[in-house]
Amino acid sequence: MALFKKKEVEKQEIKVDQRLRHIAFIMDGNGRWAKKRGMPREFGHSQGAKVFKRITDYCGEIGINTVTVYAFSTENWKRPKTEVDALMNLFFDYIQEALDVMMKKDVCIRFIGDKTPLSDKMKKMMADVEQGSKNNTRHLNIAINYGGKDEIVHAVNSAIKDGITELSEKDIEDRLYTNNCAMPDLIFRTAGEQRLSNFLLWQSAYSEFYFTDTLWPDLTPEDIDKAVENFYQRQRRYGGL
Ligand code: IPE
Ligand code: IPE
Ligand code: MG
């Protein structure tokens, strides 16, 4: 059996196979998590950043090749400046330590989204991390200032620049920010909302969806196990029989 569970002395171990190569997370609910504790939203984001590390590591441990996380949407600029600044500071801190960590874990990092409005320093650090980790075998895509619509427009404009006058699906796929990895098999959203919020619009054409009411900062590896088990009960038909 491809998906197997091994009972060990104290811990169960789940492993995935080629059917679950790519999982994409909409990390939602940081603000509500903080509010429940009478804390500012920023506190929820810093807790969320810790959980992001734990969950992405766990996905690697169970054999998931590619993880994509939605960290900041093209619409999230509408939030108060203090919150946006706090999020940018968290990204900055993460990127600073990312290269060392990712080399050890054999992870290729890509920052997907429109980097134009980000600071020059942040852009340079992102480029260094992407360049330094590009030959690694696992993938972590971090969506910052990402919008699915924006990504498709970017891909089409890039094809036009290349002189293509009649676009094929492949012309677009080759120009998506995620062009180095498989389409997401599973899109996992926390915090109860059942929508895409402009995430991976093209890539999600045949993704499976998994929603939980658990707020992102409360998410644990056991929640991932549950979603994986649920995923393996599904039959993907892609329009066939
Ligand atoms: C997700 O948590 C993180 C980002 C969108 C940056 P939220 O900040 O959206 O948390 P809620 O949905 O308000 O609880
Ligand atoms: C989606 O969450 C974006 C991220 C998780 C980064 P939002 O909290 O921004 O989505 P909406 O506003 O509830 O649709
Ligand atoms: Mg939200």
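Numbering starts at 1 and runs along the sequence shown. In each ligand, atom 1 is the first atom listed, and ligand 1 is the first ligand listed.
Checked by atom type and distance alone, the side chain of Tyr58 never pairs as donor or acceptor with a backbone atom of Glu222 at under 3.5 Å. No donor-acceptor pair closer than 3.5 Å links the side chain of Asp114 to the backbone N or O of Asn145. Judged purely by atom type and a 3.5 angstrom limit, Arg189 has no side-chain atom pairing as donor or acceptor with the backbone of Asp28. Between the side chain of Thr178 and the main chain of Cys181, no donor-acceptor pair closer than 3.5 Å is present.
Atoms of ligand 2 lying under 4.0 Å from at least one heavy atom of Arg195, given by number and element, are 11 (P), 13 (O), 14 (O).
Screening Leu186, Thr56, Val69, Thr190 against Phe25 for a side-chain contact (heavy atoms from CB on, under 4.5 Å) leaves a single residue, Val69. Of the candidates Glu42, Arg37, Arg41, Met39 forms a side-chain contact (heavy atoms from CB on, under 4.5 Å) with just one, namely Arg37.
Listed by first then second residue, pairs satisfying ring-ring contact (aromatic ring centres under 6.0 Å, His included) with a partner in residues 86-121 read Phe52-Tyr94, not counting sequence neighbours.
Taking Lys35 as the reference, nothing meets the salt bridge (charged side-chain N to carboxylate O under 4.0 Å, His left out) condition, with sequence neighbours excluded.
Less than 2.8 Å away from the Mg ion (ligand 3), the protein contributes these N/O/S atoms: Asp28 OD1.
Side-chain contact check for Asp85 and Thr82: no donor-acceptor pair (N or O, by modelled atom type) lies under 3.5 Å.
Within the 4.0 Å heavy-atom criterion, neither part of Lys78 lies near ligand 2.
By the neighbour-count criterion of 12 heavy atoms within 6.0 Å, atom NZ of Lys149 is sparsely surrounded, having that number or fewer from other residues, nucleotides or ligands.
A heavy-atom cutoff of 4.0 Å around ligand 1 is satisfied by the protein residues Met27, Asp28, Gly29, Asn30, Gly31, Arg32, Arg41, His45, Ala71, Asn76, Arg79, Glu83, Leu87.
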